[in-house]
Q: 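My structure is below; once you've seen it, I'll send some questions.
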Amino acid sequence: MVEIELDGQKVEVAEGSMVMHAAEKAGTYIPHFCYHKKLSIAANCRMCLVEVEKAPKPMPACATPVTQGMIVRTKSDRAIAAQKSVMEFLLINHPLDCPICDQGGECQLQDLAVGYGGSSSRYEEEKRVVFHKEVGPLISMEEMSRCIHCTRCVRFGQEVAGAMELGMSHRGEHAEIETFLGQTIDSELSGNMIDICPVGALTSKPFRYHARTWELSRRKSVAAHDSSGANLIVQVKNNQVMRVVPLENEDVNECWIADRERFSYEALNGTDRLTHPMLKQGGEWKTVDWQTALEYVANGLRNIQRDHGANSIGALVSPQSTLEELYLAGTLMRGLGSDNIDHRLRNAEFFPAEGVRTLGTSIASLSTLQRVLVVGSNLRKDHPLFALRVRHAVRHGGAVNLITDKASFSHSDAWAMPVAQAVVSDASGWAQALADVAAAIAAEKGAIAPAAGNLTAQAQAIAKSLIGGERKAVLLGNAAAHAANASSLLALANWIGAQTGASVGYLTEAANTVGAQWVGAQPQTGGKNAGQMLSGGLKAAILLNNEPEFDSAAGSNASQTLGQAEMVVTLSPFKANMAFSDVLLPIAPFTETSGSFVNAEGRLQSFHAVVKPLAETRPAWKVLRVLANLLDIPGVAFETSQEVLARATAQPLQASNATQVAINLAAQVPAPAVASIYQLDGIVRRAPSLQLTADARQEVAA
């Protein structure tokens, strides 16, 4: 540790730290633009100039290492004069468009100009003009004359997103931040560039000109799409979600969010929203009141239960639903006498649960891994926030090995990080590839391999990588969880983890995959699983927050099989499943209801509604509770979602990735049904800007 004196205060910081780090520790603010705690030091803007005793001139706090006994003054006349001089230079070419700038009200340059800027300028020459750039549907670069060349966006792309999509061309007053060769910004994390831009050069294209920042109410929430559980600030005006930005949580999402969390809100205000209950009568949809719709559903379920038995009724529930909704869906089904409920809509194998499948380690620990083996995942696209942590680990000496298909790893840049070894094959070859790695580990350690494997060069390299290092993990992706021999993949991964000391876990598909397992949203006593229900045989189906045609392994066949049921009830925020449903009940998306999600590491996070439900929309937990009441199911007298949560979580979460199965290396394994990045759920599918991105266009082409 090194001790310095900062504005008369003694501060101890680690050797190698900069003056800026000491100031942060002491709670002293030093004005800056280019410095960002998550990015490398550039020292571009010089706004953080401070006085260092015995130094011949003011020094940049972000790039000046501390030394023992150093005396620093951040608010001396010399430091303030230097900072004001820098501000004067920054404002020479900056346009005077604060009144119309989208960044107005939350602009670092605007804020600091109040304290360090002059009331007039000595420069009378014309300001420079920078031509606008077209970089895609998410980021607007219409006002690049505002850019102060802090290069935060450039460094973010290189260091965090893993792809240098922006760079600075030319020099001096001709310098510009731009993409090259007319390319677009296509990173799945690109929206974070908007957040870290200290001026209004990069702004949100979907949000542009929709509201001023001081008109917005800011409310906390939790990401509802992937399993990271990213913390959000949802910004609201006139009971509409206008913008979504990250809420910093170092243990979960740091200060970043993925683009699908940031821009999917567009669907919440779209024309496809279901606003009133609807019944299909004579082949035509008619709007009805809630009482009529719920009594119709209750009577229909009661009649089908009487005529065909409870086992003819099933519920297909989305793992994007809240913990409370999933618990009440299970309570409703089991109250009817049926165990036919499942959230594993895309799975091909349904082996019995032996505990809740989780990540097997903390999300934060992904940043410090030294060895990683990823199986059956396009990590960058499936789990962008996990990928950036693994990318951070690789930048600090970690090694990533993977076993996946060609679609997920077509070339070395596909993961935006160096990959040590990549075994690329279709899903039918993953178990054999894992068996080869296990055999190589067994040969190295003198153990007995769990299955017949081949000592290939790649398998031996992966084995040596996993045996070395201290902090390591075997991570099974969405495709591995959905595979027809998922249990064999898990068993092999467990053996490898036990032999190498690596944690083993699932990246988990959706916002509440872990929570769905926790509250038993899958057969517990031999009921039909999702695959069996989607193969036909149900007389009544309840679809909670999903569209089987897009959200299940059955695909387009789901419409035909569900169309044979006597009654299909869809609970959705959108006009979904209209071809084969008999009843549509409008339920609230995550922004319009309180609830809880459990992320991949098993972290329970609750949230409140940020806006009122649209029109006649109702929270799904309330709809399910009323249905249960109408069907005389006991134990559902809940007044609040917090009461449901308390009941649902009365039994502690028992995380376990263990499995006891016979390992199957069969070559013929059908390809798993994997949702692509912007087709994951109904909200993302209906977000116009996301559907215009390069990733979405590639999905359509595929």
Side-chain angles (χ1 to χ4, degrees), residues 277 289-319 321-343 353 356 512 515-530 533 538-545 565-571 582-583 585-588 593-596 598 604 606 618-654:
D289 58 65
W290 270 104
Q291 187 70 23
T292 301
L294 290 173
E295 287 181 354
Y296 180 91
V297 173
N299 291 333
L301 291 175
R302 193 178 288 113
N303 292 338
I304 290 170
Q305 180 190 34
R306 182 194 62 219
D307 297 341
H308 303 285
N311 200 44
S312 66
I313 303 172
L316 296 165
V317 297
S318 168
S321 302
T322 68
L323 202 68
E324 295 82 353
E325 293 164 2
L326 293 169
Y327 173 77
L328 284 171
T331 301
L332 174 64
M333 293 308 300
R334 294 182 179 110
L336 288 169
S338 172
D339 191 39
N340 303 337
I341 179 172
D342 209 345
H343 71 279
V356 176
N512 210 19
Q517 299 170 68
W518 188 4
V519 298
Q522 59 196 49
Q524 303 293 303
T525 57
K528 293 178 181 176
N529 59 49
M533 286 189 275
L538 290 182
K539 295 298 181 180
I542 298 174
L543 308 179
L544 175 59
N545 209 16
E566 291 184 16
M567 185 172 73
V568 177
V569 182
T570 292
L571 289 80
D582 299 286
V583 187
L585 301 178
I587 60 169
T593 181
S594 56
S596 307
V598 184
L604 172 66
S606 296
R618 295 291 181 268
W621 71 267
K622 290 187 176 181
V623 176
L624 292 166
R625 182 202 63 190
V626 174
L627 263 179
N629 288 334
L630 290 172
L631 290 163
D632 299 320
I633 294 171
V636 291
F638 302 111
E639 295 297 325
T640 65
S641 64
Q642 288 80 8
E643 291 179 15
V644 184
L645 177 64
R647 178 75 63 81
T649 57
Q651 296 295 324
L653 185 149
Q654 300 291 337

Q: I would like to know whether Leu294 and Leu585 meet side-chain contact (heavy atoms from CB on, under 4.5 Å); could you show each step before the answer?
A: CA-CA 9 Å; Leu294 290 173; Leu585 301 178; 4.2 Å; yes

Q: Let's go through Trp621 and Thr322 carefully: what are the C-alpha distance in whole Å and the side-chain angles of both, what is the deciding distance for side-chain contact (heavy atoms from CB on, under 4.5 Å) to 0.1 Å, and is it a yes or a no?
A: CA-CA 9 Å; Trp621 71 267; Thr322 68; 5.6 Å; no

Q: Do Ile542 and Leu332 touch side chain to side chain, with heavy atoms closer than 4.5 Å?
A: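 Ile542 reaches Leu332 side chain to side chain.
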
Q: Return yes when atom NZ of Lys528 has more than 12 non-hydrogen atoms of other residues, nucleotides or ligands closer than 6.0 Å, and no otherwise.
A: yes

Q: Could you report the tightest heavy-atom contact between Thr593 and Pro619, atom names first, then the distance?
A: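 Heavy atoms only, the tightest pair is OG1-CB, 3.4 Å.
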
Q: To the nearest 0.5 Å, what is the distance between CD on Gln517 and CG on Leu653?
A: 8.5 Å

Q: Using every non-hydrogen atom in the two residues, find where Ala329 and Leu624 come nearest and quote the distance to one decimal.
A: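 Shortest heavy-atom contact: N-CD1, 3.9 Å.
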
Q: Could you give the distance from OH (Tyr296) to CG (Asp582), rounded to the nearest 0.5 Å?
A: 5.5 Å

Q: Is the backbone of Ser318 close enough, under 3.5 Å, to the side chain of Asn545 for a donor and an acceptor to pair up by distance?
A: no

Q: Between CE of Met567 and CG of Leu301, what distance do you get to the nearest 0.5 Å?
A: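 Between atom CE of Met567 and atom CG of Leu301 there are 4.0 Å.
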
Q: For the backbone of Gln651 and the side chain of Trp518, can you confirm whether one donor and one acceptor N or O come within less than 3.5 Å of each other?
A: yes

Q: How long is the gap from CZ on Phe638 to CG on Leu328, to the nearest 0.5 Å?
A: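 The CZ atom of Phe638 sits 6.0 Å away from the CG atom of Leu328.
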
Q: Test: side chain to side chain donor-acceptor pair (under 3.5 Å). Region: residues 623-632. Which pairs qualify, not counting sequence neighbours?
A: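 Qualifying pairs, neighbours excluded: none.
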
Q: Would you say the side-chain atoms of Glu643 pair up with the backbone N or O of Glu639, donor to acceptor, closer than 3.5 Å?
A: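 Pair found, side chain donor or acceptor close to backbone of Glu639.
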
Q: Under 3.5 Å, is there a donor-acceptor pair between the side chain of Ser338 and the main chain of Ile313?
A: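 Between the backbone of Ile313 and the side chain of Ser338 there is a qualifying donor-acceptor contact (under 3.5 Å).
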
Q: When you look at Glu295 and Gln291, which way does the side-chain contact (heavy atoms from CB on, under 4.5 Å) test go after all the steps?
A: CA-CA 6 Å; Glu295 287 181 354; Gln291 187 70 23; 2.6 Å; yes

Q: NE2 of His343 to OG of Ser321: how many Å apart, nearest 0.5 Å?
A: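 Nearest 0.5 Å value for the NE2-OG distance: 11.0 Å.
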
Q: Looking at residues at least two apart in the chain, or sitting in another chain, which of them share a side chain to side chain donor-acceptor pair (under 3.5 Å) with Thr570?
A: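 Scan of Thr570 (side chain to side chain donor-acceptor pair (under 3.5 Å), adjacent residues dropped) gives Asn577, Ser581.
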
Q: Looking at residues at least two apart in the chain, or sitting in another chain, which of them share a salt bridge (charged side-chain N to carboxylate O under 4.0 Å, His left out) with Arg647?
A: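 In terms of salt bridge (charged side-chain N to carboxylate O under 4.0 Å, His left out), with neighbours along the sequence ignored, Arg647 is linked to no residue.
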
Q: Got a sec, which pairs hit salt bridge (charged side-chain N to carboxylate O under 4.0 Å, His left out) with one end in residues 322-341, sequence neighbours left out?
A: Arg334-Asp339

Q: I'd like to check the side chain to side chain donor-acceptor pair (under 3.5 Å) partners of Gln524; sequence neighbours left out, ordered by chain and number.
A: none

Q: Can you see which heavy atom on Ala620 is nearest to which on Leu544, and at what distance?
A: CB-CD1, 4.2 Å

Q: Before you tell me yes or no, could you show the steps for Thr649 and Tyr327 under side-chain contact (heavy atoms from CB on, under 4.5 Å), namely the whole-Å CA-CA distance, both residues' side-chain angles and the distance that decides it to 0.1 Å?
A: CA-CA 9 Å; Thr649 57; Tyr327 173 77; over 6 Å; no

Q: Taking side chain to side chain donor-acceptor pair (under 3.5 Å) as the test, write out the residues that go with Asp289, two or more places apart.
A: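 Here the qualifying residues are Thr292.
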
Q: Looking at Leu323 and Val598, what are the two nearest heavy atoms and their distance?
A: CD1-CG2, 4.0 Å

Q: So, the side chain of Gln522 versus the backbone of Ala516: is there a donor-acceptor pair under 3.5 Å, distance only?
A: no

Q: With the side chain counted from C-beta on, respond yes when Leu543 and Leu571 share a heavy-atom pair under 4.5 Å apart, and no when they do not.
A: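 Leu543 vs Leu571: side chains apart.
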
Q: What distance do Ile633 atom CD1 and Leu336 atom CG have between them, rounded to the nearest 0.5 Å?
A: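 Atom-to-atom, Ile633:CD1 and Leu336:CG are 4.5 Å apart.
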
Q: In terms of side-chain heavy atoms, does Glu566 have a donor or acceptor partner in His308 at a distance below 3.5 Å?
A: yes

Q: I need the minimum non-hydrogen distance between Ser596 and Leu604, along with the two atoms involved.
A: CB-CD1, 3.7 Å

Q: What are the two closest non-hydrogen atoms of Asp342 and Ala530, and how far apart are they?
A: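 Taking every non-hydrogen atom into account, OD2-N, 2.9 Å.
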
